[in-house]
Amino acid sequence: MDVVQSTSTEITIANKSLKKIPSVLLGSLVEEPKKHAIPNHLLESKIYSELQRSKVIQAEPAVLHYGGYKVGEHHPQTLKLINISGSVTNLHIIPPQTKYFQIKYNKKHQLVPGFSYTVTVDFCPDEWRYYHDCIRIHCQGEDTLVVPVHAYPAVNDVDFPPLINLSDVSVGK
């Protein structure tokens, strides 16, 4: 009976040995949304695939980006949901599933054509990493819309010198 050797977690490239990064470390960089104890029928039964605009609602901006955030501070952005249909509509706004993104809005009654809801999306990170989530909008019938929300660590301040001196050089030097 032959003995089967288990596969190694090392990769050999040009006489160098590189170890694979465990998936536990990679998984700690991005947090997945947690399931709520209370089931949400609209969240579980509908497919949210339309971006930027559906037959009834248009989102401005289509995607929310938070770049160059500071840990522990609140970073608000505004999202407008505009009724682009020719009739009065009612919509349901399903908030982000992670604790880092919170939304605030005043929903009156139904949304008249041409009018919009203003939604404030507040982002408050607790560590320096990439965050992602989405806001889902369900309209009457089967019309749905998704607004992705991304936050990533980036340096926003770029300092370029006012003068760069590139002296004359002979060709080929």
Side-chain angles (χ1 to χ4, degrees), residues 21 23-160 162:
I21 299 172
S23 62
V24 176
L25 291 177
L26 295 175
S28 67
L29 296 175
V30 178
E31 181 175 327
E32 294 298 323
K34 293 183 174 47
K35 291 280 188 181
H36 291 292
I38 302 170
N40 187 336
H41 173 70
L42 291 176
L43 190 60
E44 294 173 359
S45 65
K46 303 293 180 189
I47 297 173
Y48 298 87
S49 61
E50 295 292 325
L51 293 172
Q52 186 176 6
R53 104 186 314 196
S54 67
K55 297 174 188 170
V56 179
I57 296 294
Q58 177 177 344
E60 290 181 4
V63 179
L64 290 174
H65 291 279
Y66 294 88
Y69 59 79
K70 294 183 181 178
V71 175
E73 291 186 11
H74 290 270
H75 304 276
Q77 281 193 24
T78 304
L79 171 69
K80 287 179 71 175
L81 301 174
I82 305 165
N83 183 356
I84 57 172
S85 70
S87 61
V88 177
T89 188
N90 189 16
L91 54 102
H92 304 279
I93 302 172
I94 301 172
Q97 302 299 301
T98 58
K99 66 180 180 179
Y100 306 107
F101 300 100
Q102 303 293 322
I103 63 171
K104 296 176 189 168
Y105 61 95
N106 290 327
K107 184 177 177 185
K108 307 238 175 2
H109 299 287
Q110 294 180 333
L111 192 58
V112 178
F115 280 43
S116 65
Y117 286 138
T118 301
V119 179
T120 303
V121 182
D122 187 44
F123 170 61
C124 185
D126 61 357
E127 60 183 325
W128 190 258
R129 66 178 181 85
Y130 171 73
Y131 296 88
H132 67 94
D133 208 334
C134 61
I135 300 169
R136 296 168 185 90
I137 293 96
H138 174 259
C139 303
Q140 294 172 343
E142 296 297 317
D143 198 38
T144 60
L145 179 70
V146 64
V147 179
V149 184
H150 300 278
Y152 39 87
V155 179
N156 280 342
D157 298 329
V158 179
D159 293 327
F160 288 108

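Owing to the predicted nature of the structure, the values given are computational and were not obtained by experimental measurement.
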Taking all non-hydrogen atoms of both residues into account, name the closest pair between [X] and [Y] and its distance.
X      : Y      : answer
Arg129 : Pro153 : O-CD, 3.3 Å
Lys55  : Ile84  : O-CG1, 4.1 Å
Pro113 : Ser85  : CB-O, 3.3 Å
Val56  : Asn83  : O-OD1, 3.4 Å
Gln77  : His65  : NE2-O, 2.6 Å
Pro148 : His150 : CB-NE2, 3.8 Å

How many angstroms lie between atom [atom1] of [X] and atom [atom2] of [Y], to the nearest 0.5 angstrom?
X      : Y      : atom1 : atom2 : answer
Lys70  : Trp128 : NZ    : CH2   : 10.0 Å
Leu91  : Ile57  : CG    : CD1   : 4.5 Å
Glu60  : Thr118 : CD    : OG1   : 10.5 Å
Leu145 : Ile93  : CG    : CD1   : 10.5 Å
Asp122 : Phe101 : CG    : CZ    : 10.0 Å
His92  : Arg136 : NE2   : CZ    : 15.0 Å

Heavy-atom distance under 4.5 Å between the side chains of [X] and [Y], does that happen here?
X      : Y      : result
His75  : Pro125 : yes
Val119 : Lys107 : no
Cys134 : Val147 : no
Asp143 : Thr89  : no
Pro96  : Ile103 : yes

Would you indicate whether Phe115, at its atom CZ, is surrounded by more than 12 heavy atoms from other residues, nucleotides or ligands within a distance under 6.0 Å? no
For Asn106, does the CG atom have more than 12 heavy-atom neighbours from other residues, nucleotides or ligands under 6.0 Å away? no
Checking Gln102 against His74 for the side chain to side chain contact (heavy atoms under 4.5 Å, CB included) test, could you report, in this order, the C-alpha distance in whole Å, the side-chain angles of both residues, the deciding distance, and whether it holds? CA-CA 10 Å; Gln102 303 293 322; His74 290 270; over 6 Å; no
Using the rule given for side chain to side chain contact (heavy atoms under 4.5 Å, CB included), can you reason through Val149 versus Tyr131, listing the C-alpha separation, both sets of side-chain angles and the distance that settles it, and then say yes or no? CA-CA 8 Å; Val149 184; Tyr131 296 88; over 6 Å; no
Should Tyr100 and Tyr66 be marked as a side chain to side chain contact (heavy atoms under 4.5 Å, CB included) after you check the CA-CA gap, both sets of side-chain angles, and the distance that decides it? CA-CA 12 Å; Tyr100 306 107; Tyr66 294 88; over 6 Å; no
Are the aromatic ring centres of His132 and Tyr130 under 6.0 angstrom apart? yes
I'd like to know if the side chain of Asp133 pairs up with that of Thr98 as donor and acceptor (distance under 3.5 Å, no hydrogens or angles considered). yes
